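See structure below.
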Amino acid sequence: MSLFSTRRAFLASIAALAVGLAPVIAQDARRAYTPPPLDAVHSVAAEHGMVVAQEKLSAQVGAEILRRGGNAVDAAVATGFAMAVTYPRAGNIGGGGFMVIHSAERNEDIAIDYREAAPAATTPQIFLGADGKPDAAKSRDSALGIGVPGTVAGLSLALEKYGSGKFTLSQLVEPAISLARDGFVVDNDIADTLPGWHQRLTRWPSTARIFSRPDGTPLREGDRLVQSDLGETLKLVAAQGPRGFYEGTVAEKLAKAVSDAGGIMTSADLRSYQAIIRQPLRGTYRGYDIVSMPLPSSGGVVLIEALNMLEGFQLADLKQGSPQSLHLLIEAMKRAYADRARYLGDPAFVNAPIETLIAKDYAAKLRAGISSDEATPSSKLASAATSPHEGSNTTHFSVVDAYGNAVSNTYTLNFSYGVGLVADGTGVLLNNELDDFTAAVGASNAYGLVGFEPNLPGPGKRPLSSMSPTIVLKDARPVLVTGSPGGSRIISTVLQVVVNVLDYKMDVAAAVAAPRLHHQWLPDEVRVERGFPDDVLFKLKAMGHLVVEPMGQTSANSIAVTPNGPFGAPDPRTRGAEAAGQ
């Protein structure tokens, strides 16, 4: 189906994807995703601008800003603050993320790094036990895993530098304040996920009060979620800007809550935090420009490296979803993820060979080792080590406006609902993002993954991420805005959406809804969603691939920009995802 399809859409029935990689992730117990017939799934059309997000109220907040004349950055900032209220398991002001912007007015592409940072007291040994071995509970379940939040700084910086000038920060935060103060009816994703995570949240009385019914059971569909303290925190941000969060009473309460829970983040850590404007990573693919996030996100490097390898194959001559096309995707993923593990980390601390990794001639060398009909064992690609686990429970939204601007934004708390701690008196749910560091060189985590020295913890370091907000351009104009949650599966998800749209000319909704697979080098296995025909999986196995079901959740909320206007594709894997147009 053509990328330039003009048919308005209905979205196929929404189902959620069961997550099955580890016990802590499996707490998101949901229905398995079954892809709808792709010829029955179409994108949602708009005349001018579009916001696509995992949560409908926040998408509508962003779309209203577009209707009032705001640009894509204005709408993204409003959406980001609103999701801190309406999508508490991943939307946040207690976490961090990355934003990629295409500014049509400036003919410029920008990356904003607002990833969480390790407190100044962090040591490389912080997540080791008394026996010198990694203690996963320290990074995942305790306040030691809390990184300095970056979202307020990042969204504020984006507005200051790239907003339209028509809206103040206060005006863009106001919808979030109202949603927190007045509350909203629990449905969709919160109703689906909260029961599985409630026991973890109720370790903290400050959290239990917000997400529990009077009888102590989790809020359920139809209940009202009111977050008064969060509303007051947002009021201070609206009135004072980032100072209202990183200094004064909010910062003091955040630091006290972390300290009381056994963590090390201080008021000084909050006061010193800075979001960073970086040059985005750029590549080309079949005449399109790929603009994605640089380090400390590994997303741009791995995505461009994989696309460079695939560019040497005529994918368009192979049927989408055929064993041959999937085999090539898997082999490209495997090699790019191997390099992720070996070389990448926080650019302030690691001198990674980025230009080599994303070079076409390097891809040609890697491509030469790909057999057309036989899987390459991961053990033959490099030493047996890979990057650490990254939490699956992130969220992504995409925005385009009538002026040619685009925003791709991915942010996270790491696990669903982060570490589970709401800092008392602030309403801010805090992250456990420092679990994305490698606890020790050569140590495996609960996922059987092993890490390298570039991603060891350290004071002020930002942990390596897979978040991959991406904008695809043609002749300096956006044609696709995409990204996803999903931990290590983020990059492979974005890769498949890009290939589906550019190589197979699929309608963006079909490109997003199509079943996906994932290979991250180690473990040497292909994770697959339901929906692949049995004969396809049989042929992949015959090629030597170890095929495993199910694949964990991803949600690639995307926008295709066409001469007929923007077309939004809320991912049908998330109940409540929405495309809100202008």
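As the structure is a prediction and not an experimental result, all values here were calculated from the model. Below, each value reflects all heavy atoms present in this structure, side chains not excepted, and no hydrogens, waters or symmetry copies.
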Going by heavy atoms in the side chains, are Leu421 and Ile146 under 4.5 Å from each other?
yes

Among Val291, Leu473, Val481, Asn405, find the one that has a side-chain contact (heavy atoms from CB on, under 4.5 Å) with His102.
Leu473

Before giving the answer on side-chain contact (heavy atoms from CB on, under 4.5 Å), spell out for Val258 and Ile264 the whole-Å C-alpha distance, their side-chain angles and the decisive distance to 0.1 Å.
CA-CA 7 Å; Val258 172; Ile264 59 174; over 6 Å; no

Between atom OH of Tyr162 and atom CD1 of Ile110, what is the distance when rounded to the nearest 0.5 Å?
4.5 Å

Exercise: identify the closest heavy-atom pair between Ile277 and Leu157
CG1-CD2, 3.6 Å

Do Arg282 and Ile358 touch side chain to side chain, with heavy atoms closer than 4.5 Å?
no

Glu174: side-chain contact (heavy atoms from CB on, under 4.5 Å) partners, not counting sequence neighbours:
Ile177, Ser178, Arg181

Shortest non-hydrogen separation from Ala406 to Val400 and the atoms involved:
CB-CG1, 4.0 Å

Please verify the inter-ring angle class for Tyr114 with Tyr411; under 30° counts as parallel, over 60° as perpendicular, anything in between as tilted.
perpendicular

Which residues satisfy the side-chain contact (heavy atoms from CB on, under 4.5 Å) test with Ser156, sequence neighbours excluded?
Val152, Leu169, Pro242

Please determine, by modelled atom types, if His198 and Ser212 share a side-chain donor-acceptor pair under 3.5 angstrom.
yes

Would you say the side chain of Ile490 lies within less than 4.5 Å of the side chain of His396, judging by non-hydrogen atoms?
no

Nearest heavy-atom approach of Val428 to Gly94 is CG1-CA, 3.6 Å

Got a second to check how far Phe211's CZ is from Leu225's CG, nearest 0.5 Å?
5.5 Å

Using the side chain to side chain donor-acceptor pair (under 3.5 Å) definition, which of the options Thr395, Thr86, Thr79 pairs with Ser58?
Thr86

Check whether any side-chain heavy atom of Ile101 sits under 4.5 Å from a side-chain heavy atom of Pro280, and report yes or no.
no

Less than 4.5 Å apart, side chain to side chain, heavy atoms only: is that true for Asn92 and Asn431?
no

Just how far is it from atom CG of Asp436 to atom CG of Asn455, taken to the nearest 0.5 Å?
7.5 Å

Please determine which of Leu281, Leu464, Asp346, Val350 meets the side-chain contact (heavy atoms from CB on, under 4.5 Å) test together with Leu295.
Leu464

Side chain Tyr87, main chain Ala53, donor-acceptor under 3.5 Å:
no

Nearest 0.5 angstrom please: Tyr417 OH to Asn414 CG, how far?
15.0 Å

In terms of side-chain geometry, is the basic nitrogen of Asp74 or Lys166 positioned less than 4.0 Å from the acidic oxygen of its partner?
no

Tell me yes or no: between the side chains of Arg340 and Ser298, is some donor less than 3.5 Å from an acceptor?
yes

Let me know which of Thr410, Ile491, Asn409, Val494 forms a side-chain contact (heavy atoms from CB on, under 4.5 Å) with Met467.
Thr410

Side chain to side chain donor-acceptor pair (under 3.5 Å) with Thr470: which of Ser484, Ser558, Ser292?
Ser292

Using a 3.5 Å distance criterion without hydrogens, assess whether the side chain of Asn432 forms a donor-acceptor pair with backbone atoms of Arg140.
yes

Looking at Val52, is its backbone amide N or carbonyl O close enough to the side chain of Asn557 to form a donor-acceptor pair, meaning the two atoms are under 3.5 Å apart?
no

Looking at Arg89, Arg573, Arg575, Lys56, which one forms a salt bridge (charged side-chain N to carboxylate O under 4.0 Å, His left out) with Asp189?
Arg89

Intermediate values then yes/no, side-chain contact (heavy atoms from CB on, under 4.5 Å), Phe184 and Ile190:
CA-CA 11 Å; Phe184 59 94; Ile190 296 177; 3.9 Å; yes

Heavy atoms from other residues, nucleotides or ligands near NZ of Lys161 exceed 12 (cutoff 6.0 Å)
no

Are side-chain heavy atoms of Leu144 and Ser142 found at a separation under 4.5 Å?
yes

Are Pro124 and Lys461 side-chain neighbours, meaning at least one heavy-atom pair lies under 4.5 Å?
no

Measure from the side-chain N and O atoms of Gln582 to the backbone N and O of Leu66, and report whether any donor-acceptor pair falls under 3.5 Å.
yes

Within 6.0 Å of CZ in Arg203, more than 12 heavy atoms from elsewhere:
yes

If you take all heavy atoms of Gly425 and Asp229, which pair is closest and at what distance?
CA-OD2, 3.6 Å

Under 3.5 Å: donor-acceptor pair, side chain of Arg115, backbone of Pro463:
yes

side-chain contact (heavy atoms from CB on, under 4.5 Å) for Leu430 and Leu254? Distances and angles first, verdict last.
CA-CA 9 Å; Leu430 290 163; Leu254 291 172; 4.3 Å; yes

OG1 of Thr394 to CD of Gln54: how many Å apart, nearest 0.5 Å?
9.0 Å

Do Ile210 and Leu219 have side chains that approach each other closer than 4.5 Å (heavy atoms only, starting at C-beta)?
no

The test is side-chain contact (heavy atoms from CB on, under 4.5 Å); show your working for Lys138 and Ile126 and say whether it passes.
CA-CA 8 Å; Lys138 285 188 173 183; Ile126 190 169; over 6 Å; no

Using every non-hydrogen atom in the two residues, find where Ala111 and Pro294 come nearest and quote the distance to one decimal.
CB-CD, 3.8 Å

Evaluate whether atom CD of Glu108 has more than 12 neighbouring non-hydrogen atoms of other residues, nucleotides or ligands under 6.0 angstrom away.
yes

Taking Thr207 for its side chain and Gly420 for its backbone only, find out whether a donor-acceptor pair lies under 3.5 Å.
yes

Please check if any side-chain donor atom of Ser555 sits under 3.5 Å from a side-chain acceptor atom of Thr574, or the reverse.
yes

Distance in Å, Asn188 CG paired with Thr193 OG1, rounded so as to fall on 0.5 Å steps:
10.5 Å

For residues Pro566 and Ile559, report the shortest heavy-atom separation together with the two atoms involved.
CB-CG2, 4.0 Å

Under 3.5 Å, is there a donor-acceptor pair between the side chain of Arg224 and the main chain of Asp182?
yes

Using the test side-chain contact (heavy atoms from CB on, under 4.5 Å), find all partners of Thr168 that sit at least two apart in sequence or belong to another chain.
Ser170, Gln171

Is a side-chain N or O of Gln227 found less than 3.5 angstrom from the main chain of Val85, in a donor-acceptor match?
yes

For the side chain of Glu247 and the backbone of Arg271, is there at least one donor-acceptor N/O pair under 3.5 Å apart?
no

Do side-chain atoms of Asp401 reach the backbone of Gly404 as a donor and acceptor pair under 3.5 angstrom?
yes

